[in-house]
Number of protein chains: 2
Amino acid sequence: MARRTKAEAAATREALLDAAEEVFLEKGVARTSLEQIARHADMTRGAIYWHFRNKADLFQAMLQRVRMPFQELVEEIGDPSLAERPLEAIRLACLKGFERLEQPRYRRVHAILIHHCEVFGEIDPLAMQNEMAEEACGALIDYCGCAARLGQLRPGLDPGVAGELLQAMLGGLFHDWLRNHEQFSILERGTLLLDTQLTLMRAAPSG
Amino acid sequence: MARRTKAEAAATREALLDAAEEVFLEKGVARTSLEQIARHADMTRGAIYWHFRNKADLFQAMLQRVRMPFQELVEEIGDPSLAERPLEAIRLACLKGFERLEQPRYRRVHAILIHHCEVFGEIDPLAMQNEMAEEACGALIDYCGCAARLGQLRPGLDPGVAGELLQAMLGGLFHDWLRNHEQFSILERGTLLLDTQLTLMRAAPSG
DNA sequence: GCTTTTACATACAACCTTGTATGGATGGCG
DNA sequence: CGCCATCCATACAAGGTTGTATGTAAAAGC
């Protein structure tokens, strides 16, 4: 076969990652062979072993395309007035996350990480999930602590507990939706649940 | 080898299931062979293929030992006065569930189902999780609806949303804890989060 | 324009796992 | 006490997957 140009090679690399997403999601990571991924992209295993060292390397490259830390979501909003409205910062960051998750690539890859893979090779999905969860939980607790200091949190509600409550609720919603995304829209239900929860946790407007 | 008595045969069956739990949890379902399970129980694959048809059959038998529907938890409490205090029914059922999850067998098997297996053979773990989630969510919404009719839910809080909120929060807590149970006690944090959430959702005591 | 490197396809050896077939010794039962 | 079904070990055939080695034709670089 003819050698491809640099742009074509980059395209096949992306095509391989696309194919991996689809096959991983459909059959699970463990049950899909590199042969199946290659054929789904109209390539052979040779292409995969050229672009990636092995399945674990391919998997990590796939994840690399959809990283979405909570803090970055807040920063992307770029509203400096959010420093004085931490609960609103949480709200907007979550809404931005919901919207992004509705893009097929983000949805698929997160669904694979959460529901369609086990430990294999040097890959430990649970460790990755732990990192994601702790990053989000830490940020949520920080913002709740900030809200408490500003008197925007309901009196008697511990900011640490409030943060863990939000993290658990968002995580549960996340898992449920990724399990079958056709059951409901994460943007719609997420907005509803989050707004309800924030209303419950907000301090009653003084005066 | 000598044939075992009926009691011994039943014991080896249980031993095989115990071994499966441990190896599945450690290495993931897909990456463990029947050979590894058998050796971990000081048996051979012959024993497995005698007691079970294949890996999927073994897996289902393992799950069968830890079924725990939400409704059954409520019924096991057996307090008729709970009909008038639906939010308390939710609370006690969850506490009972937390306690049961701290038993190694319940914790291990649920961790396997949620975090350490993919689709394989005729087994679809996501479908099983969906059933569990929907059963719990349905029950929670029912109890919240009952609470609303009794005036025990905060005015303006939709009982459907309240139920989904509880289900999401409990599910998120469940997933987080199963991911690494050494990080916190589900009984302690669960009690704290649940009580906080129920306090937020309860109607203010009238008069 | 020639050489080198790239971007794959193809071929091959090794391993692991599964399912089944077979064997064998004993417990249960008439 | 004799027979049969049970409970499990062992052996065997078949297939699937991985990693690597090799081939190759064109793009890149000088």
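Heavy-atom basis, side chains included; hydrogens, waters and symmetry copies ignored.
Counting non-hydrogen atoms under 4.0 angstrom, Thr44(A) reaches a base of the nucleic acid. Residue contacts shown for Ser33(B) are limited to sugar-phosphate atoms, with no base heavy atom under 4.0 Å away.
Among dT18(D), dG19(C), dC8(D), the nucleotide with an atom closest to any side-chain atom of Leu34(B) is dG19(C). Candidate nucleotides dC8(C), dA28(D), dT18(D) were compared by shortest atom distance to the side chain of Lys6(A), and dA28(D) ranks first. When distances are taken from the side chain of Thr5(B) to each of dA28(D), dG27(C), dT6(D), the shortest belongs to dG27(C).
Residue Arg4(A) places at least one side-chain N or O under 4.0 Å from the OP1 or OP2 atom of dC8(C). For dG19(C), the OP1/OP2 oxygens have a side-chain nitrogen or oxygen of Tyr49(B) closer than 4.0 Å. Between Trp50(B) and dC7(D) there is a side-chain N or O to OP1 or OP2 distance below 4.0 Å. Phosphate contact (OP1/OP2 of dC8(D), side-chain N/O of Thr12(B), threshold under 4.0 Å): present. Distances shorter than 4.0 Å separate none of the side-chain N or O atoms of His51(A) from OP1 or OP2 on dA7(C).
Spacing between atom CZ of Arg13(B) and atom C1' of dC8(D) amounts to 16 Å, rounded to whole angstrom units. A straight line from CG of Leu58(A) to C1' of dG19(D) spans 15 Å, rounded to a whole angstrom. Between Glu8(B) atom CD and dA9(D) atom C1' the separation is 16 Å, expressed in whole Å. One interatomic measurement links the two molecules: NZ of Lys55(A) to P of dT20(D), which rounds to 16 Å at whole-angstrom precision. Remark: P of dC8(C) and CG of Asp42(A) are 13 Å apart, rounded to the nearest angstrom. Taking atom CE of Met43(A) as the reference point, atom P of dA7(C) lies 13 Å away to the nearest angstrom. In this structure, Glu35(A) atom CD and dG19(D) atom C1' are separated by 14 Å, rounded to whole Å. Ile48(B) places its CD1 atom 14 Å from the C1' atom of dC7(D), with the value rounded to the nearest Å.
Between Arg108(A) and the options Glu21(A), Gln103(A), His116(A), a side-chain hydrogen bond (donor to acceptor under 3.5 Å, both in side chains) holds for only Glu21(A).
Looking at every heavy atom in both residues, Arg154(A) comes nearest to Leu200(A) through NE-O, 2.8 Å. A pairwise comparison of heavy atoms in Arg45(B) and Ala38(B) identifies N-CB, 3.7 Å as the closest pair.
Side chain of His181(A) to backbone of Ile186(A): no donor-acceptor contact under 3.5 angstrom is found.
Gln36(A) and Glu26(A) form no side-chain donor-acceptor contact under 3.5 Å, judged by distance and modelled atom types alone.
When each of Gly46(A) and Arg31(A) is assigned the nucleotide of DNA chain D bearing its nearest heavy atom, the one mapping closer to the 5' terminus is Arg31(A).
Judged by atom type and distance alone, Arg45(B) reaches the base of dG19(C) through a side-chain donor-acceptor pair under 3.5 Å.
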